Every structure is written in structure tokens, then in C-alpha cells.
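Chain A is the first sequence line, chain B the second, and so forth, proteins listed ahead of strands; every chain is numbered from 1. Please read these numbers as outputs of a predicted model, since none were measured by experiment.
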2 protein chains.
Amino acid sequence: MEFADLIARGRPRYRTATAFVEDVLREAILSGALAGGTPLRQEELAAAFDVSRMPVREALRQLEAQALVDFAPHKGAVVTEISASDAADHYAIRAALEPAALRLSLPHLTAEDLARAEGLLAEMDTEPDMSRLGDLNRRFHLVLYARAGRPRLIALVEQHLAAADRYLRFHFAALGRDKMGQHEHAALLAAASAGDAGEASRILTTHIETAARGIEAFFAAR
Amino acid sequence: MEFADLIARGRPRYRTATAFVEDVLREAILSGALAGGTPLRQEELAAAFDVSRMPVREALRQLEAQALVDFAPHKGAVVTEISASDAADHYAIRAALEPAALRLSLPHLTAEDLARAEGLLAEMDTEPDMSRLGDLNRRFHLVLYARAGRPRLIALVEQHLAAADRYLRFHFAALGRDKMGQHEHAALLAAASAGDAGEASRILTTHIETAARGIEAFFAAR
DNA sequence: CTTAATAAAATTGGATCCAATCGACAATCA
DNA sequence: TGATTGTCGATTGGATCCAATTTTATTAAG
């Protein structure tokens with residue numbers, strides 16, 4: 001368990017132990033530190049987090065509802081497996097939700113929003129660490145959607161953007177670092193700045209479908 | 001608490017008490033038996049379900065992840081409020097997800113699927129009970145999406161269809177019983193039977209947006 | 001009479017303990 | 001030899017108990 005060091009450090013920031021355990025576990029799963037199929041023994045986790053089994057159980061329940069772990073009665077929790085079809089599932093959801101969020105948000109984007117998005121794009125060009133790159137990518141997308149004024153929709157998008165991060169490494173391997181959609185990101189930002197919702201939405205759809213196809217190709221190859 | 005009678009009856013069907021509590025609470029919230037804003041005291045629920053507080057807590061955690069209750073540390077759980085903006089949020093998600101699911105599913109629909117959908121439509125014409133009507137409506141929609149081959153997408157659609165049921169009574173009040181989209185349902189089914197994905201998707205989008213506007217109008221009026 | 005401080009009650013968060021269930025391995029029988 | 005059954009260990013599900021926090025009631029001061 002190599003995330004043991006993360007544990008002691010972040011501890012006092014949280015109000016409740018359950019929230020602490022939940023956040024660390026989610027991050028570990030989404031980043032790939034906990035691979036798909038890993039069984040999550042309650043007692044083991046409780047010892048690692050230095051809490052009792054109860055906050056672990058509640059955290060696992062919430063992660064189950066977020067489709068990050070599979071629960072079987074009296075069998076326990078297992079990190080959900082990643083697969084080509086699971087990736088296709090997540091990307092189909094993204095392809096449906098994100099253009100909708102963008103269309104709602106775009107008319108209300110401010111100059112500061114666009115500047116922030118541009119800044120994030122620039123950071124992405126020089127960021128070597130993949131996990132941080134995934135974070136920057138998420139934030140870039142979310143900045144563009146944030147003005148949609150639909151908190152549930154945004155929360156869903158955020159959740160599936162994070163889930164897509166589990167496949168980022170495959171995306172990398174399939175398409176290579178520089179091909180990772182920076183052109184599309186720039187074009188998307190340009191269309192958004194011009195206020196062209198139709199064009200922006202088209203680019204975004206293509207962007208997501210391209211990523212999905214890259215991951216599919218990777219799985220097909222191996 | 002008028003769902004106390006539901007409790008003892010369904011008890012032995014469930015493998016775990018947590019699943020039992022979770023399902024009954026979700027049904028109660030979605031059907032409106034538990035109104036928005038209702039505080040959910042753990043001990044009270046535990047007594048009503050005749051279990052300890054722990055399965056109640058785990059169930060509430062999962063309902064929180066499903067956005068059916070709001071949790072505040074040391075304050076407890078409250079049934080999430082319904083509102084015009086919340087309805088708009090849910091319907092924006094539906095409008096994004098369901099046409100996508102339909103397009104994926106439509107080419108794989110079988111004659112039996114379409115017959116089942118038609119049967120559900122016929123049942124809806126004569127069903128007086130609103131809660132059953134909501135159930136029939138959900139099943140009609142889901143039959144059309146079920147062949148999409150994207151379990152996560154379908155699960156999301158199912159969740160938000162159920163959430164929309166919380167607003168069904170408003171939809172009723174605003175548009176009246178017969179105007180509740182049976183024309184659109186029939187047209188949707190016809191387009192699906194003809195294999196016309198574009199037309200079916202257009203009708204579905206209109207259908208959802210019409211419902212959303214009806215609910216919005218209801219909230220605006222009162 | 002209002003407001004601030006404080007003490008008591010109610011409620012949730014967390015820990016420990018016990019019971020129920022599942023998996024593996026061994027023993028028995030066909 | 002193979003299948004079935006039974007027992008034991010491991011692990012989770014559930015109950016009870018204690019601690020921490022919030023809220024409410026009370027009291028005192030302005």
C-alpha cells in the first residue's frame with residue numbers, strides 16, 4: 001500500500017474521518033494507485049488510516065454509489081475494473097453531458113474565465129507529471145462549463161471527467177504526449193471566446209470522441 | 001411517518017438491512033412520501049425500521065451520493081429540497097443523456113422491445129394511480145434505451161428518470177392528465193419502429209423540454 | 001426587554017464487540 | 001477417483017457503547 005504516506009499528512013484538514021478516508025481512497029483509485037480488481041479489506045484500510053472500520057465502511061458505501069468500487073454482500077469491496085467497454089461507457093456519458101453543459105455555460109463566460117482557461121492550457125504544455133496534467137485538463141474543461149448554472153449537471157460532469165482520468169495513461173500510450181488534444185483545446189477555447197456555441201460544441205464532441213477512439217484502439221492492440 | 005407499513009412487509013426480501021433501508025428510503029423520497037426538507041433523524045428511522053442506527057447511517061451515505069439527501073457534519077441528513085432550479089437541473093441532464101442513449105440503443109431494438117413499449121403505452125392510458133403511472137413512464141423510456149449496451153449510461157438515465165418523478169405531480173398540475181405527452185410518446189415509438197434515429201431523438205428532446213417547461217411554469221405560477 | 005454567555009439536552013461521529021455469512025480445505029461416501 | 005458435505009478461519013454486517021459537536025434552554029447583564 002504505497003499511499004500510506006498520503007494518509008498522515010492530510011489528516012487534520014478534514015472534519016470527519018469518513019470524508020478523509022473517502023477522499024483519499026477516491027484519489028487513489030482515480031489516479032491508478034489502486035488498480036482495478038484490488039480487494040479493499042476493511043480492517044487493513046482501517047489500520048492504514050488509523051481509524052476504526054466504521055468510517056472505512058461508510059466511505060466505501062459512498063464510493064460504491066459513485067461506481068468506483070463494487071460491493072458484494074459479505075464479500076466486500078473491490079476496485080471496479082477498467083476495460084474497453086467501461087471506457088466507452090464513460091466517454092459516451094461525457095460526450096452527452098459536456099456539450100450540453102458548454103452550450104448552457106458559454107453565453108455567461110466572462111473574460112476572466114477565458115483568461116483562466118488559457119492559463120491552464122499554457123500550464124498543460126509544460127507539465128510533465130501525468131497526474132497533475134489530468135488535473136489541469138479537468139480544470140480547463142470545468143472552467144468552460146462552470147457558468148451553466150446547473151450544479152447537478154456540473155457535478156456529474158466533474159465526476160465523469162475524474163473517472164476518465166483512470167484512462168488517461170492509456171490515452172497517453174495510444175496517442176503520445178503532444179497529440180493529446182492540445183490543438184482541439186485551443187480551437188475549443190477560440191470558438192468559446194468568439195461566442196460560437198455551435199462550433200465550440202462540435203469541437204468538444206470531436207475532442208471527446210477522438211479520445212475515446214484512442215483508448216479503444218489501445219485496448220484493441222493489447 | 002406513513003410508510004411504516006411498507007417496512008415490515010418487504011423486510012425478508014433483502015440480503016442486508018442496509019439495502020432494505022436504502023431502497024425504502026429512496027422510494028419514499030422519490031414518490032414524495034418524504035417531502036423535501038424533511039430531517040432524517042437516525043434514531044427515529046432506526047426505530048421505524050427496527051434496526052440499529054448503523055444500517056441507517058450507511059443507507060443515508062449512499063443516498064447522499066445519489067443527491068437525494070444533504071449531509072452536514074454533526075447536523076444530520078435532510079431530504080434535498082425540490083425547486084424550479086433543481087427541476088431544470090435534472091431535466092437538463094435528462095435532455096443530454098436520453099437522446100444519446102436512444103441513438104445508441106435504437107439500431108438494436110427488437111420487435112419484442114417495441115411491442116413491450118407499446119404495451120406500456122397502452123397501460124398508461126388507463127392507469128389512474130400517479131405513482132404507478134410514473135413507474136410505467138420510466139419503464140417505457142428505459143425499454144427504448146436498454147439496448148444501448150452502456151450500463152453506466154443506462155444507470156444514470158434510470159437515476160434521473162426516477163428523480164424526475166419527484167416533479168411528476170407538478171407536471172400533472174401544470175399540464176393535466178391527458179396532455180402528459182402521450183402524443184409524443186406515440187410519435188417517439190413510431191419513429192423508433194421506423195428506425196429513424198434522428199427523428200426519434202428530436203421528438204425525445206422536445207418531449208423532455210416540454211415537460212421541463214411545464215414544470216417551470218408551474219413553479220413560476222406558485 | 002433584548003442580548004450575550006453558559007449550561008444542559010439532543011444528535012451525530014467513531015470505537016469496540018458480537019453475530020452472520022462466505023471460502024477453503026478436509027473428510028466421507030458413492 | 002470424484003463429488004458432496006461439514007467444519008474452521010477469515011471477513012463482513014449489525015448492535016451497543018462512548019466521545020465530540022451542535023443546538024436549545026436558561027440565566028445574567030446591559
Distance (rounded to the nearest 0.5 Å) between B:Thr18 OG1 and B:Asp23 CG =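 Here the rounded value is 11.0 Å.
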
message = Under a 3.5 Å distance rule, please check whether A:Asp165 uses its side chain to pair with a backbone N or O of A:Ser31 as donor and acceptor.
response = no

request  = Verify, without hydrogens or angle tests, whether A:Asp113 (side chain) and A:Leu144 (backbone) share a donor-acceptor contact under 3.5 angstrom.
outcome  =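 No: the side chain of A:Asp113 does not pair with the backbone of A:Leu144.
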
request  = Report the residue (A:Pro73 or A:Thr16) whose heavy-atom-nearest nucleotide on DNA chain C is the more 5′ of the two.
outcome  =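 The 5'-side residue here is A:Thr16.
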
key: Under 4.0 angstrom between A:Thr18 side-chain N/O and C:dG14 OP1 or OP2   =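 The answer is yes; a side-chain N or O of A:Thr18 sits under 4.0 Å from OP1 or OP2.
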
query = Are any of A:Gln42's side-chain N or O atoms less than 4.0 Å away from OP1 or OP2 of D:dG13?
reply =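 Result: yes.
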
Without decimals, in angstroms, what is the distance between [X] [atom1] and [N] [atom2]?
{"X": "B:Glu58", "N": "D:dG14", "atom1": "CD", "atom2": "P", "value": "7 Å"}
{"X": "A:Glu22", "N": "C:dG13", "atom1": "CD", "atom2": "P", "value": "13 Å"}
{"X": "A:Lys75", "N": "D:dG13", "atom1": "NZ", "atom2": "P", "value": "12 Å"}
{"X": "A:Arg57", "N": "D:dT11", "atom1": "CZ", "atom2": "C1'", "value": "11 Å"}
{"X": "A:Asp50", "N": "C:dG14", "atom1": "CG", "atom2": "P", "value": "13 Å"}
{"X": "B:Leu45", "N": "C:dT11", "atom1": "CG", "atom2": "P", "value": "12 Å"}
{"X": "A:Met54", "N": "D:dT12", "atom1": "CE", "atom2": "P", "value": "14 Å"}
{"X": "A:Glu43", "N": "C:dT16", "atom1": "CD", "atom2": "P", "value": "11 Å"}

Could you list the donor-acceptor pairs under 3.5 angstrom formed between side-chain atoms of residues 91-102 of chain A and any protein atom two or more places apart in sequence or on another chain?
residue, atom, partner, partner atom, Å
A:Arg94, NE, A:Glu98, OE2, 2.5
A:Arg94, NH2, A:Glu98, OE1, 3.4
A:Arg94, NH2, A:Glu98, OE2, 3.2
A:Glu98, OE1, A:His141, ND1, 3.3
A:Glu98, OE1, A:Tyr145, OH, 2.5

Let me have the donor-acceptor pairs involving side chains of residues 73-82 of chain A, under 3.5 Å, with sequence neighbours excluded, atom names and distances please.
residue, atom, partner, partner atom, Å
A:Thr80, OG1, A:Leu68, O, 3.1
A:Thr80, OG1, A:Arg166, NH1, 3.1

query = Under 4.0 angstrom, heavy atoms only, what part of the nucleic acid is A:Arg41 near: base, sugar-phosphate, or nothing?
reply = sugar-phosphate

query = Reckon A:Leu40 touches a base, only the sugar-phosphate, or nothing at all at heavy-atom distances under 4.0 Å?
reply = sugar-phosphate

With the side chain of [X] defined as its heavy atoms from C-beta on, choose the nearest nucleotide among [options].
{"X": "B:Val51", "options": "D:dG14, D:dA15, C:dA15", "result": "D:dA15"}
{"X": "A:His74", "options": "C:dA15, C:dT21, D:dA15", "result": "C:dT21"}
{"X": "B:Ser52", "options": "D:dA15, D:dT23, C:dG23", "result": "D:dA15"}

message = On the side chain of A:Arg53, is there an atom forming a donor-acceptor pair with the base of D:dG13 - under 3.5 Å, no angle test?
response =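 Yes, the side chain and the base share a sub-3.5 Å donor-acceptor pair.
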
Side-chain donor/acceptor contact of B:Arg15 with base of D:dG13 under 3.5 Å =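 Side chain to base: no pair present.
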
